[in-house]
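Everything on this sheet refers to the single structure shown next.
Residue numbers start from 1 in every chain, and the chains themselves are labelled A, B, ... in the order their sequence lines are given, proteins ahead of strands.
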There are 2 protein chains.
Amino acid sequence: MVNKKKNDTAHERILIAAKKVFFLKGMAGARMQDIADEAGINKALLHYYFRNKEKLFELIFKEASNQFFPKIADIIDSDIPLFEKIESFCSEYIDMMQQNAYLPLFVLNEVNKQPHRFRERFWKNREFLFSKFVGQIEMEIKNRKIKPVSPAHLFINMISMCIFPFIAKPMMMMSSGMDELQFRDFMDQRKTEIPKFIIESIKR
Amino acid sequence: MVNKKKNDTAHERILIAAKKVFFLKGMAGARMQDIADEAGINKALLHYYFRNKEKLFELIFKEASNQFFPKIADIIDSDIPLFEKIESFCSEYIDMMQQNAYLPLFVLNEVNKQPHRFRERFWKNREFLFSKFVGQIEMEIKNRKIKPVSPAHLFINMISMCIFPFIAKPMMMMSSGMDELQFRDFMDQRKTEIPKFIIESIKR
DNA sequence: CTTAGTATTAACTATTTGGTTAAAATATAT
DNA sequence: ATATATTTTAACCAAATAGTTAATACTAAG
């Protein structure tokens, strides 16, 4: 045996299929057979490459939660001015989620259903973004650049407005009769609407 | 046979148990045995009262989605002034969700996973709140009472900020080290923080 | 008390589903 | 070409799980 290339078909097709099925149905609702079918391979091959459902899910979930989070940190922790930071956070975060609209609900749902899976990862990897952002806001308040606002609430407001529409997407589309394209447009607007809305509220 | 009272124990205990288990694990993750255990009865009794899992779920889901929605309409569609309306919506809606923090994620998740279950209900029952609220906002803009803002985005902003924290609750608690009580406090604050935040942004 | 309907259970069945095995096909090295 | 390792499959297996059945306990009416 020599170097085994892992960029080949079956192994990769399985990962893509697993992602699709897990995102759509969640851990509890996903069937190994569905994944095999989606990948166009025999079910036994799943277990050949990834020991069991648990392990396979863990991989998908880890990738998903990493994608859901840490890139935020780069923006939030950067040294740019507050208003610019808010603008680029909203814009970039929504942009990321547009490429994977299922991601937020998938991650948040699984965290709710199996908190243990997330707990360790949280205490380890993340000091969590928060601190630096909070400091910056407090600074701006002290300098009377913005009104006195609660940094925690401001932060939660911002991510709520960015993320929630993806979670409520099907419901929004149904209730307002939007189609896929109109939803995309709507979220494109939000990239600028949310920052405007926030800044309008806190600026002096 | 005479009048059958349905306010008795088993039947009710099952509904309570089913609600608990479905809320916690979702349709796909819930086990009939879990529900039976939780209700302290034999599994066969579940099928005696509610033919099958599907039917039982349908009941719980219908009640949940009714609770998640329509009471909003009363506030949103009422004739009170805009700012008051925003205030009472946020306050009352958060208050409702505090009594049932699992509700938003449960409903939104199941709507995502089985959109068909919701579609009919939407086209039928609800003209959806929207219209009257939108009209009122456009009016206030025309009268130069508030800045020109997109009613749709304003509406989504408001419900995002109210609902999202419940969906992200475990994650928020983990990442910030909140306990149950602190979360409650935080949401109590939001009942006034969100309206302040919104009004500050749109007022002239 | 007896009877007829109702509630409840233990035991069972059928199906779904995650996982295994052993053999076949395919590729790789010598 | 032959041997060796890797990939892939068909056929199974065992556990889990929704749903059934037939018998038993319970309740209320006459």
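Here A:H47 reaches the OP1 or OP2 of C:dG19: one of its side-chain N or O atoms lies under 4.0 Å away.
Listed by first then second residue, pairs satisfying salt bridge (charged side-chain N to carboxylate O under 4.0 Å, His left out) with a partner in residues 58-68 of chain A read A:K19-A:E63, A:E58-A:R117, A:E58-A:R121, not counting sequence neighbours.
Counting to the nearest Å, the P atom of C:dG18 and the NZ atom of A:K55 are 16 Å from each other. Rounded to whole Å, atom C1' of D:dT7 lies 16 Å from atom CD of A:E12. For A:E54 and C:dT17, the CD to P distance is 18 Å, given to the nearest whole Å. Atom CG of A:L45 is separated from atom P of C:dA23 by 19 Å (rounded to the nearest Å). Straight-line distance from the CG atom of A:L56 to the C1' atom of C:dG19: 13 Å, rounded to whole Å.
For B:F22, the ring pair (Phe, Tyr, Trp, His ring centres under 6.0 Å) partners at least two apart in sequence or on another chain are B:F57. For B:K147, the salt bridge (charged side-chain N to carboxylate O under 4.0 Å, His left out) partners at least two apart in sequence or on another chain are A:E200. The side-chain hydrogen bond (donor to acceptor under 3.5 Å, both in side chains) check on A:N100 picks up nothing, with sequence neighbours excluded.
Comparing atom distances between the B:Y49 side chain and each of C:dG18, C:dA7, D:dT7 picks out C:dA7 as nearest. Side-chain proximity of B:Y48 to C:dT6, D:dT8, D:dT20: nearest is C:dT6. In this structure, the nucleotide among C:dA7, C:dG18, D:dT20 sitting nearest to the side chain of A:K53 is C:dG18.
Listed by residue number, the members of residues 25-38 of chain A with any heavy atom below 4.0 angstrom from DNA chain D form an empty set.
Within 6.0 Å of the OH atom in A:Y102, the count of heavy atoms belonging to other residues, nucleotides or ligands does not exceed 12.
When each of B:K43, B:K25, B:K20, B:R13 is tested with B:E38 by the rule salt bridge (charged side-chain N to carboxylate O under 4.0 Å, His left out), just one qualifies, namely B:K20.
Nearest-nucleotide positions on DNA chain C place B:I41 closer to the 5' end than the other of A:N52 and B:I41.
Annotation for A:M158 and A:C90: closest pair CG-SG, 3.8 Å, computed over non-hydrogen atoms.
For the residue pair B:Q33 / B:D37, a side-chain donor-acceptor distance below 3.5 Å is found, with atom types taken as modelled.
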Show each protein N/O and nucleotides 11-13 of chain D N/O combination with a separation under 3.5 Å, one pair to a line.
none

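With A:N112 contributing its side chain and B:P170 its backbone, the two residues share no donor-acceptor pair below 3.5 Å.
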